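Beneath this line is the structure, given in structure tokens, with notes to follow.
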Amino acid sequence: MSWVLAERKSYLGFVSCRRLSLSIAAKSLTSIRTLFELRSFKQFYSSSPLFADYICEDDEEKSLHVDLFYSKLLDNCTRFKDVAQVHAQVSKIGLQASNFTVTKVVHICSNLGRIQYARQLFEEFPQPNIFLWNAIIRGHSRHDLFKDALELYRKMQLRGVSPDGFTLPYVLKACSGLSAYEIGRRVHAQILLLGFETDVFVQNGLVAMYMKCGATHWARMVFDRLCDRTVVSWTSLLSGYAQNGDPLEALNVFYLMQLSDVKPDWIALVSILRAYTDVEGLGQGKSVHGFVVKAGFDSEPDLLIALTAMYAKCGEVFVAKCLFNQVPKPDVILWNAMISGYAKNGFADEAIELFRKMIASEARPDSVTLRSAILSCAQVGSLELGKWIDELVKVSDFNTDVFVNTALIDMYAKCGSLEHAHSVFDRIQNKDVVTWSALIMGYGLHGCGREAIKLFQDMKRSKVAPNDVTFVGLLSACNHSGLVEEGQKYFHSMKTDYGLEPRHQHYACMVDLLGRAGYLTEAYQFVESMPIKPEVTVWGALLSACKIHKNIKFGEYAAKQIFSLDRSNAGHYVQLSNLYASVGMWSEVARIRRKMKNARLAKPQGYSEIDVKGIRHSFRVGDKSHPKSEDIFGKLEELERKLKDAGFVPATESVLHDLNSEEKEESLCSHSERLAIAFGLISTEPVLPVGMLLIYSLDEGYGGLLLVNCHIYCTSSIV
DNA sequence: GTAGGGTTAG
């Protein structure tokens, strides 16, 4: 309307306007010209608010004119500077910005991430209408300022403004972000009262909200009542199940979605990929990949992340890396997908190398990246590397992040330094159950059962409720320290005092605890009385206890149970064979070895690693390939002499093969673990921790567990 | 001007 109007009156206004506003217009014109494609000065002046002021007869007409002018200007703003300048002009000229103009400014500012500026404008505005309320609530909700969004929503209603079909999805998003179930329920009630039960946008928001709160049944109910389900409704439901640990139901929804002839878009595919990842459906994941390419979605960056994560998590790290390499500038989440993929699949070196590359690039690691990197340090047992990341954490924004710091506790404990673990623990302000559990586990790992129990009591005093993981830590701590009575006491208190149902790990701990202490009959009876069907781990604990105490009867029984559950693990055969070897039943040993051979079960060769000054050194049994080999064997001989003088007799009876005692002794003495420790001793200062040894396999004719991670912490002063 | 998705599990 106003362009015509303006054209009509333009000549008269052109002259007057120039005269009236020369100083103001001249200042702002140069910069505004870049924002606003001017066809001519005439056109600019004919639409300027000053001109409107001049030509318009009533306020309403003038206001419309001003709105239109600023709307045109704002549409051309791509930078915050431009918006701020335009907005400043409104007040400079002395005209009251309208709801319309401010809404537009708020909208653009929040899209540009300048939510504080938007909020300030909003607060200064006297009478916001529903559009402006929606814009400001949306802005906060989109920037994860969920509490503020809900607070604004409350204020809006107090000021007598009723929500509409645009307000509610933002409010529900805020509830989702906070997992605020109770508030979400109240909003749901409001939705029903206000009559939005057929608004598909609002209903989709409800589905997503309930899913984020973990209330899958409510989400499903809302979904089932929906008449016109869009691809968003399906995706909300599907991804909700995937996020709530029910990938099978997610895939079932995907099936129903296909029956309903709803075509998945790329966002739906992301969730479908996640569900296939969680069920380790690499084959189906690959076919989704095929579909992605066919549908032309393969350039969607977020879908590429989901694909990378899928391949990485399913163990195809090389394929994942190929996808990763396609992206010239990966964002933090893509970096995380790749780094965590490496970390999860045991490619700790690759994970750390990629982490270094990330730091060298422009990308900034977040808490997820740091956790994956810390996990990798823990896996390789490198204290030096771990300290380096700790330093990075300290100067990052995540120095108070409880997740990151708990990962550090775990890492330090596994890398052999309880001191560092404890100092991280001390600096955490808001310790939660996992923080406590990590340190309890750490003490247990180092054989400090009493300290672990003391920590558990401190935890109770701090009013932090233990969970089942805490008890795994506590029971294994009792286990490593031979605290049978205490272990039994805590096992029973799990259920009676904390209402926690013991799981397989807890039963396995108890069997181990009883068995190691020599109470084999009790251990056996304990397994027989379990309310859940014993898993391999439980029988495995009994078998290894039988090996220690040379009990063939229970050992054979446990082995029988194990083989009925899993025939494919070489470790179990070796354990049974070791049991026979311990009592000299060599024909049985040979029989088991034949069985293994027939089943084509190969055992990985054992090796030990030690981290010295950030460099890892790997040893196999009798390994002479290390450059310092001579010194290592020299140190070993020295140690042996000292040990013999101290009255030590090697436990040769547990050597697997039927060797003579001299050979057995030699086999024991050049065990990879000994070589690693000897190297540690000659390469480090006395009394400093040698570090942690990760023993991937102890099957070198040396008694002990097979295929376990064994953490050894020693100081020179021990030997 | 509306809604759904990606990295994590210490």
Side-chain angles (χ1 to χ4, degrees), chain A residues 100 103-104 106-108 110-111 130-139 141-142 163-173 176 196 199-209 211-212 219 223 229-240 242-243 245 264-275 277 300-310 312-313 330-341 343-344 365-372 374-375 378 401-411 413 424 428 431-439 441-442 469:
Chain A
F100 180 89
T103 300
K104 197 139 193 167
V106 163
H107 191 83
I108 298 173
S110 64
N111 279 353
I130 184 69
F131 288 92
L132 185 47
W133 279 108
N134 285 350
I136 197 70
I137 294 173
R138 170 186 181 270
S141 207
R142 281 210 167 170
D164 68 4
F166 287 86
T167 328
L168 293 163
Y170 308 134
V171 172
L172 289 168
K173 191 187 165 72
S176 304
F196 285 103
D199 185 319
V200 70
F201 283 91
V202 173
Q203 297 297 314
N204 289 346
L206 274 175
V207 174
M209 182 275 291
M211 280 301 191
K212 287 270 157 61
F223 177 87
R229 293 164 190 154
T230 63
V231 65
V232 179
S233 324
W234 286 100
T235 311
S236 304
L237 191 73
L238 196 160
S239 68
Q243 284 163 1
D265 60 5
W266 70 267
I267 297 184
L269 289 170
V270 167
S271 296
I272 293 159
L273 270 174
R274 183 192 157 140
T277 306
E300 283 297 343
D302 293 355
L303 201 39
L304 195 94
I305 293 170
L307 282 167
T308 307
M310 187 273 291
K313 276 192 199 158
D331 71 352
V332 60
I333 299 182
L334 182 55
W335 280 107
N336 290 349
M338 200 58 234
I339 293 172
S340 70
K344 268 213 163 137
D366 67 1
S367 71
V368 176
T369 331
L370 291 169
R371 275 145 72 185
S372 298
I374 295 166
L375 174 68
D401 185 297
V402 66
F403 279 68
V404 171
N405 281 299
T406 305
L408 283 173
I409 293 178
D410 179 66
M411 179 275 295
V424 176
I428 300 179
K431 300 176 183 67
D432 69 5
V433 57
V434 191
T435 314
W436 285 97
S437 305
L439 195 62
M441 193 80 90
V469 181

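Below, chain A is the first sequence line, B the second, and so on; all start at residue 1. Please read all numbers here as calculations on a predicted model, not as lab measurements.
No donor-acceptor pair closer than 3.5 Å links the side chain of A:S236 to the backbone N or O of A:V207.
Among the protein residues, A:D199 comes within range of no part of the nucleic acid, since none of its heavy atoms lies under 4.0 Å from any strand. A:Q243 comes within contact range of the sugar-phosphate backbone alone, with a heavy-atom separation under 4.0 Å but no base atom that close. Note on A:V207: nothing from the nucleic acid sits closer than 4.0 angstrom, heavy atoms only. Residue contacts shown for A:G165 include a base, since a base heavy atom lies under 4.0 Å away. Across all strands, A:R229 comes closer than 4.0 Å to no nucleic acid atom at all (heavy-atom distances). Here A:N405 lies out of heavy-atom contact (under 4.0 Å) with every strand. The residue A:V202 sits apart from the nucleic acid: no heavy atom pair falls under 4.0 Å. Here A:T230 lies in heavy-atom contact (under 4.0 Å) with a base. Residue A:D410 is in sugar-phosphate contact alone, with no base atom involved, counting any heavy-atom pair closer than 4.0 Å across all strands shown. Using a 4.0 Å heavy-atom cutoff across all strands shown, A:A208 reaches sugar-phosphate atoms only and no base atom. At a threshold of 4.0 angstrom between heavy atoms, the contacts of A:K313 are confined to the sugar-phosphate backbone, with no base atom among them.
When the side-chain contact (heavy atoms from CB on, under 4.5 Å) test is applied to A:F131, the partners found at least two apart in sequence or on another chain are A:T103, A:N129. A:T167 pairs by the side-chain contact (heavy atoms from CB on, under 4.5 Å) definition with A:I130, A:N134, A:I137, A:Y153, A:M156, A:P163, A:D164, A:V171, not counting sequence neighbours. Annotation: side-chain contact (heavy atoms from CB on, under 4.5 Å) contacts of A:S367 (sequence neighbours excluded): A:R371, A:F398, A:D401, A:V404. By the side-chain contact (heavy atoms from CB on, under 4.5 Å) test, A:I267 pairs with A:T235, A:D265, sequence neighbours left out. Qualifying salt bridge (charged side-chain N to carboxylate O under 4.0 Å, His left out) partners for A:R229, counting only residues two or more places apart in sequence or in other chains: none.
Once you apply a 4.0 Å limit to the heavy atoms of chain A, the touched nucleotides of DNA chain B run 5' to 3' over B:dG1 to B:dG10.
Distance check: A:L408 CG to A:N405 CG gives 5.5 Å after rounding to the nearest 0.5 Å.
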